[in-house]
Amino acid sequence: MEKEMIKISFAANPDYKIEVEKGLTVLEIVAQKAPKLYKMILAAKADGEDIELSDRIERDCIIQILTGSDDAGLHALRHTASHILAHAVQRLFPGTKLAIGPAIANGFYYDFDSGHTFSPEDLTAIEKEMEKIVAEDLPLVREFLPRDEAIKLFYGLGEKYKIELIEALADDVPISIYRQGEFVDLCAGPHVASTGKVKAFKLQSLAGAYWRGDEKNKMLQRIYGTAFAKKTELDAYLKLLEEAAARDHRKLGRELDLFSLQDEGPGFPFFHPNGMVVRNEIEKLWRDLHFDFGYDEIKTPVILARELWIQSGHWEHYRNNMYFTDIDEQLYAVKPMNCPGCILVYRSRHHSYRELPIRMCEMGLVHRHELSGALHGLMRVRAFTQDDAHIFMLPSQIKDEIKKVIELFDKVYSVYGLQYHAELSTKPEKAMGDDAVWELATEALREAMEEYGLNYKVNPGDGAFYGPKIDFHLKDSLGRTWQCGTIQLDMQMPEKFDLTYVGEDGQKHRPVMIHRALYGSIERFIGILIEHYAGAFPVWMSPVQVKILPIAERHVEYAKKLQEELFKEKVRVELDDRNEKIGYKIREAQVQKTPYMLVIGDKEVEEGKVSVRKRKEGDLGAQDFSVFAAALKKEIVEKA
RNA sequence: GCCACCAUAGCUCAGCCGGUAGAGCAACGCAUUCGUAAUGCGUGGGUCGCAGGUUCAAUUCCUGUUGGUGGCUCCA
């Protein structure tokens with residue numbers, strides 16, 4: 001089946017492309033991928049709405065597919081809610097200019113340019129005004145205007161952003177506008193029939209956003225909100241948000257004493273003993289699997305001379321994000337990436353084609369000067385460890401090698417039970433190398449993914465400056481996705497550093513290089529894991545695996561013996577011999593999310609048993625200690 | 001970096017209109033030796049992020065700054 005990429009524009013990503021069967025009309029694509037929406041379009045047509053006039057409405061339909069919302073009704077509802085928001089704002093703050101106001105995955109927003117700076121109190125007032133507009137039950141009326149008339153209309157209203165949007169459209173496209181009462185907006189729809197249909201909504205937050213997402217443009221004021229068909233659904237969603245906040249890795253990081261961030265080092269995380277256990281365990285798993293997959297581990301310096309970074313291209317392309325230092329009056333840089341260091345290892349001796357592929361991995365500590373506003377707990381920091389690896393190979397080995405890398409990633413993510421999605425990023429504007437080489441590299445990645453059977457979407461122009469990449473994205477507790485794993489085909493670096501291997505013919509040849517990271521950043525990955533498990537790590541990576549809880553002082557001696565036994569098995573076990581009631585000790589172990597608790601009282605001491613309590617299942621009753629120990633050991637080894 | 005907001009005890013927070021601060025939990029002490037998510041009583045702990053300014057007087061008002069939060073931009 002032949003496929004083609006079609007490009008569609010929407011606010012969040014003007015160059016978005018999706019893959020579809022060749023020759024389908026946009027409506028057919030909608031019919032395939034968003035049946036509910038398709039039905040709605042048919043219904044609208046039956047109602048006499050002229051829907052084929054503009055391809056803009058069809059593009060809008062596809063936007064819904066991409067925002068993951070096949071629920072056309074909900075999308076239209078939220079879109080209408082954004083109009084009601086804009087309507088209310090213009091009533092309360094006349095002269096406010098409208099930018100754009102789409103429905104998004106979990107709600108909607110509208111961007112405003114206003115002389116008035118909105119405050120959180122304003123949101124309450126705006127919500128009240130919105131309720132009035134809902135009560136007025138104004139019908140949403142659609143009109144199509146010729147382009148010049150549309151421009152005249154919005155010129156009269158002083159809506160310069162709308163005019164800019166119209167001017168970006170093709171000349172012959174009729175302009176679709178929507179009216180509700182005295183309010184009018186440039187809009188492709190679709191909407192619900194009247195404002196009265198929007199029964200459950202809430203404004204959530206204020207934020208700044210650049211006009212058209214470009215930091216060179218003016219910063220507008222964005223108001224975020226959400227809307228649902230029913231009040232109960234809205235309440236359920238808000239409750240979900242609250243529960244997600246309880247899983248926030250920053251909150252759990254403090255409560256479980258895993259890590260901290262200090263004013264003395266913004267963006268430079270401190271790992272506490274508990275966090276270090278988690279970290280060491282996931283590194284141990286990493287080393288085991290990399291051994292199995294034929295990697296060799298190296299370690300390269302954190303500080304290296306400027307010349308290296310000039311040669312690698314980082315000086316030209318990445319300098320603004322780098323830290324520098326003088327040593328003996330020479331300029332050195334703190335490494336922002338591990339590649340050049342690894343390349344120097346490769347280049348330290350000759351290589352034969354027989355050795356390839358060479359897979360060198362490194363837990364590399366890198367520093368990047370990220371913008372202060374971008375920092376976020378462990379997810380976005382200024383110093384982090386990349387679980388990096390560089391693979392040097394023959395051009396003929398590319399596809400198989402990438403498939404192997406994908407297999408390794410898949411294997412590791414599945415140990416944690418993590419869901420991920422992959423994205424293919426292509427040549428950015430600011431890039432090294434010519435188009436043909438980029439095309440070749442991009443195709444190699446694409447083929448490997450397709451042969452492995454990995455689903456992916458495409459991010460045009462989002463590649464690194466030295467090559468295209470596959471990114472693996474994982475979700476945090478609020479559903480925000482973070483890039484973790486990455487596979488980057490680098491066809492520039494070997495050139496820049498004149499890397500070679502000796503071929504069968506005795507001549508020097510250029511190897512191909514892959515740069516890849518599985519966890520991406522150990523710090524970010526731990527942040528993801530904390531939220532994924534809500535702090536209740538599986539036993540194998542729990543900071544404390546077992547807590548022994550004697551009921552009274554006379555049980556402590558026996559408890560100590562058990563502790564010694566478990567120590568011998570390398571189990572992380574703590575003895576809570578404080579003079580507290582058993583309920584108190586259990587509560588504390590529970591709050592710390594300790595996987596196993598052993599309650600020791602008269603009965604256990606007499607019978608030589610232990611009473612086992614699991615953090616999720618509760619009391620499991622008494623069993624022989626040796627049975628417990630064996631089962632625990634098995635669970636740890638199997639990483640169940 | 002940009003926009004908005006926030007900053008009080010280790011943590012979560014209260015403190016109306018300016019008169020130098022409180023609660024719960026935690027910590028510590030004493031009593032209690034207890035059977036599956038918080039025993040009771042008591043004690044200590046804060047130059048109210050930092051620096052200026054206004055004022056007789058600033059945790060409170062103003063300015064700046066540092067750090068954080070939510071976004072934007074960027075990105076592992």
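Reminder, nothing fancy here: chain letters follow the sequence lines and each chain counts from 1.
The partner of B:C2, taking Watson-Crick or G-U wobble pairs whose two distances both stay under 3.5 Å, is B:G71. In this structure, B:C34 makes no Watson-Crick or G-U wobble pair, since no nucleotide meets both defining distances under 3.5 angstrom. For B:G29, the paired base is B:C41 (Watson-Crick or G-U wobble, both distances below 3.5 Å). Using N1 to N3 plus N6-O4 or O6-N4 for Watson-Crick, or N1-O2 and O6-N3 for G-U wobble, each under 3.5 Å, B:U12 pairs with B:A23. Across all strands shown, B:C48 remains unpaired; no Watson-Crick or G-U wobble contact has both distances below 3.5 Å. The partner of B:U54, taking Watson-Crick or G-U wobble pairs whose two distances both stay under 3.5 Å, does not exist in any strand shown.
For A:Y224, whose side chain is taken as the heavy atoms from C-beta onward, the closest listed nucleotide among B:U39, B:G35, B:G71 is B:G71. Comparing B:G71, B:C75, B:G35 by their closest approach to the side chain of A:R368 singles out B:C75. The side chain of A:V591 approaches B:A37 more closely than any other nucleotide in the set B:A37, B:G68, B:U73.
We find that CG of A:D619 is positioned 14 Å from P of B:G35, with the value rounded to whole Å. What separates CD of A:Q590 from P of B:A37 is a distance of 8 Å, to the nearest Å. What separates CD of A:E264 from P of B:U66 is a distance of 15 Å, to the nearest Å.
Toward the 5′ end of RNA chain B lies the nearest nucleotide of A:I600, the other residue of the pair A:I600 and A:Y318 mapping further downstream. Nearer to the 5' terminus of RNA chain B, by closest-nucleotide assignment, is the contact made by A:H369 (compared with the other of A:F118 and A:H369).
Between A:H249 and A:H376, the two ring planes are tilted [angle within 30° to 60°]. The aromatic rings of A:Y519 and A:Y416 stand perpendicular to each other, their planes meeting at an angle above 60°, with 30° marking the opposite boundary. Between A:Y596 and A:F628, the ring-plane angle classifies as perpendicular under the 30° and 60° cut-offs.
Taking atom C1' on both nucleotides, B:G24 is separated from B:U60 by 24 Å, rounded to a whole Å. B:A9 and B:C48 have their C1' atoms separated by 10 Å, given to the nearest Å. A gap of 29 Å separates the C1' atoms of B:U39 and B:G46, to the nearest Å. Only the C1' atoms considered, B:G44 is 16 Å distant from B:C25, to the nearest whole Å. Between B:A14 and B:C61, the distance separating the two P atoms is 15 Å to the nearest Å. Separation of the P atoms belonging to B:G18 and B:U73 is 42 Å when rounded to the nearest angstrom. Comparing B:G49 with B:U69, their C1' atoms are spaced 15 Å from each other, to the whole Å. If you take atom P in B:G10 and the same atom in B:G45, they sit 12 Å apart, rounded to whole Å.
A:G618 comes within contact range of no nucleotide atom at all, as no heavy-atom separation falls under 4.0 Å.
Regarding contacts with the backbone of B:G35, every side-chain N or O of A:K585 stays at 4.0 angstrom or more from both OP1 and OP2. Within the 4.0 Å cut-off from OP1 or OP2 of B:G70, at least one side-chain nitrogen or oxygen of A:R250 is found. The side chain of A:H515 contributes no N or O atom lying less than 4.0 Å from OP1 or OP2 of B:A76. Within the 4.0 Å cut-off from OP1 or OP2 of B:A76, at least one side-chain nitrogen or oxygen of A:Q483 is found. Taking 4.0 angstrom as the limit, A:R554 places a side-chain polar atom (N or O) nearer than this to OP1 or OP2 of B:C34. In this model, the phosphate group of B:G71 is not approached by any side-chain N or O of A:S205 to a distance below 4.0 Å at OP1 or OP2.
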Can A:F118 and A:F93 be said to form a ring pair (Phe, Tyr, Trp, His ring centres under 6.0 Å), step by step? CA-CA 10 Å; A:F118 300 123; A:F93 306 97; 5.3 Å; yes

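Judged by distance alone, with hydrogens and angles left aside, A:R212 brings no side-chain donor or acceptor close enough to the base of B:C72 to form a pair under 3.5 Å. In terms of polar N and O atoms assigned as donor or acceptor, the side chain of A:Y210 never comes within less than 3.5 Å of the base of B:G71 in a complementary pairing. Between the side chain of A:Q204 and the base of B:G71, no donor-acceptor pair of N or O atoms lies under 3.5 Å.
Stacking between A:F384 and B:A76 is shown: the ring centroid lies under 5.5 Å from the centre of the six-membered base ring, and the planes differ by under 30°.
Cation-pi geometry between A:R279 and A:F271 is satisfied (NZ or CZ under 6.0 Å from the ring centre, within 45° of the ring normal).
A donor-acceptor pair under 3.5 Å links the side-chain atoms of A:D387 to the main chain of A:L518, judged by distance alone.
With A:H515 as the partner, the side-chain hydrogen bond (donor to acceptor under 3.5 Å, both in side chains) test is satisfied by one option alone out of A:N338, A:D490, A:D388: A:D388.
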